[in-house]
There are 2 protein chains.
Amino acid sequence: MSVDEASGTEVPRRGRPPSLTRDEIVEAALKLTDESSLDEVSMRAVAGELGVPVMTIYNYVASKEVLNELVVDHVLHPVEVPSPETGSWDERMRALQRAARRAMRRHPGLSFSRHGSGSHEAARLAEGAMSILREGGFAATQAATAFATLFTFMLGQVELDVLADSGAGGEATFESVTTGIGLNRDQLFETGLDAVIAGITATMGAPTGRG
Amino acid sequence: MSVDEASGTEVPRRGRPPSLTRDEIVEAALKLTDESSLDEVSMRAVAGELGVPVMTIYNYVASKEVLNELVVDHVLHPVEVPSPETGSWDERMRALQRAARRAMRRHPGLSFSRHGSGSHEAARLAEGAMSILREGGFAATQAATAFATLFTFMLGQVELDVLADSGAGGEATFESVTTGIGLNRDQLFETGLDAVIAGITATMGAPTGRG
DNA sequence: ACCTGAACACCGTTCAAGT
DNA sequence: ACCTGAACACCGTTCAAGT
């Protein structure tokens, strides 16, 4: 029943038609991720979710590692890089960071640094951040340095969200120190981001006004 | 041959004396970690390194997860919180961040956010950082917010080091953007830390001078 | 007290045989 | 082309039996 999209006529294909799509597999993996964490999602569980034998998955996805990256790509895909007309470089950067964090935060079982190191969508956002800085008037070296600082902050923030959401380290590390302070994680993110952007502006010679 | 440390006389013990110590186990795990990564180190491999059957390890360490935390504790143990006499709050904070990063960076197979969420040593350093801020004159809320920002930066930096060292994501995310810039990772860390501290000073009302 | 072989309930993935 | 059962080489951990 395959239909050629250009001609609209049926096109003969050899062998069986696909019974699944990559997207179905990714969405099944993401659903299971939200019930625990991506590391704990097994290929067998994904297959079970879709009602197929494990090995069927391997017709669509080369390995668990590739599946991990596809899941991160899927989550990051809707995040948009704010266009130049939307404001000054720091406003655009704030919007980008907020959007990326929000996307990741919806899926606490996902760790960017664990699963997304090869993500194409992450690369797209990184390039978007660089564009924002360059269009904001940063010279190449300053832009790269500023990017590294912002990326570091973002990465740490997402990891921290995961740590906090998992309930681990509650007694030990972070929560013990910030508990009792009347700030939630979103406020801490905004205040921290303000500080980082102010620091970049002060130390890396950012121009003022819109880019 | 057990000797009571107080009396100096021999003390009878029941059953077999220990054939291992926790420290030997942790060091074996760390050695194997440096050859790949802690996640890839199996309990069987640790036992093999020590020349004992797997199950012997479980007489000393309750689980792999506990072993992971002990390894992080071991690595963080030598990191000192700079005393008040060593300088102003920002100098002390820089020294602490540098020392902690250096310790983690010696063992790229280790991820703080993956393995150290329950680390007591990490908690000690977090408390040290809070003390530095409080002694530097930050009010409680400001200190907690500043701490969260610095901790986030640090966490991201360590994750970034791991990403960069693993060679993963080289094409995709970070390296592509900062490659070709004449800055190495240590310089990026220092410059980023400068920016974060400047930003905290500017936005969170840090006093000047030594604490 | 401490040691340890056998076994359990899992993994990701290869391979070969099916249609 | 796509599907899939069986098997391989692993895991962490429980349990029971040893000294």
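All chains are named by letter (A, B, ...) in the order of the sequence lines, taking the proteins before the strands, and each is independently numbered beginning at 1.
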**Study point:** Of the listed nucleotides dT13(D), dC3(C), dT13(C), the one nearest the side chain of Tyr60(B)
**Key:**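 Nucleotide nearest to Tyr60(B)'s side chain: dC3(C).
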Review point. Between dC2(C), dA7(C), dA7(D), which nucleotide gets closest to the side-chain atoms of Pro18(B)?
Key: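 Of the options given, the side chain of Pro18(B) lies nearest dC2(C).
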Roughly how far, to the nearest 0.5 Å, is [atom2] of [Y] from [atom1] of [X]?
X: Ile197(B); Y: Asp90(B); atom1: CD1; atom2: CG; answer: 5.5 Å
X: Met154(B); Y: Arg101(B); atom1: CE; atom2: CZ; answer: 8.5 Å
X: Gln157(A); Y: Leu155(B); atom1: CD; atom2: CG; answer: 9.5 Å

For [X] and [N], what is the distance between atoms [atom1] and [atom2] respectively, to the nearest whole Å?
X: Leu20(A); N: dA1(D); atom1: CG; atom2: P; result: 19 Å
X: Leu38(A); N: dC11(C); atom1: CG; atom2: P; result: 14 Å
X: Leu67(B); N: dC11(D); atom1: CG; atom2: P; result: 14 Å
X: Arg22(B); N: dA1(C); atom1: CZ; atom2: P; result: 17 Å
X: Arg44(A); N: dA9(C); atom1: CZ; atom2: C1'; result: 11 Å
X: Lys64(A); N: dC10(D); atom1: NZ; atom2: P; result: 19 Å
X: Ile25(B); N: dG12(D); atom1: CD1; atom2: P; result: 14 Å
X: Met43(B); N: dA9(C); atom1: CE; atom2: P; result: 21 Å

Atom pairs under 3.5 Å, N or O on each side, protein against nucleotides 4-6 of chain D: can you list them with distances?
residue	atom	partner	partner atom	Å
dT4(D)	OP2	Thr56(A)	OG1	2.7

Check your understanding: If you look at every strand shown and take non-hydrogen atoms under 4.0 Å, does Val41(A) touch a base, only sugar-phosphate, or nothing?
Key ->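 Since only primed, P, OP1 and OP2 atoms lie under 4.0 Å of Val41(A), the category is sugar-phosphate.
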Practice item. Stems involving DNA chain D: give each as a range paired with a range, ordered by first number, where a stem means at least three consecutive Watson-Crick or G-U wobble pairs under 3.5 Å. Key: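 Result, WC/G-U stems under 3.5 Å: C:4-8 with D:12-16, C:12-16 with D:4-8.
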Review point. Would Glu159(A) and Ser113(A) count as having a side-chain donor-acceptor pair, cut-off 3.5 Å?
Key: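 On atom types as modelled, these side chains qualify, holding a pair under 3.5 Å.
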Check your understanding: Would you say the side chains of His115(B) and Asp39(B) form a donor-acceptor pair under 3.5 Å?
Key ->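 Asp39(B) and His115(B) do have a side-chain donor-acceptor pair below 3.5 Å.
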Review point. Salt bridge between Glu121(A) and Arg124(A), side-chain N to carboxylate O under 4.0 Å?
Key: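 Yes, Glu121(A) and Arg124(A) are salt-bridged.
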**Study point:** Contact check, side chains of Leu96(B) and Glu80(B), non-hydrogen atoms, under 4.5 Å
**Key:**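 Counting from C-beta outward, Leu96(B) and Glu80(B) never come under 4.5 Å.
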Check your understanding: Under a 4.5 Å cut-off applied to non-hydrogen side-chain atoms, are Thr21(B) and Ile25(B) in contact?
Key ->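 No, every pair of side-chain atoms sits at 4.5 Å or beyond.
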Practice item. Measure across Glu24(A) and Leu50(A) and return the closest heavy-atom pair with its distance rounded to 0.1 Å. Key: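 Heavy atoms only, the tightest pair is O-CD2, 3.9 Å.
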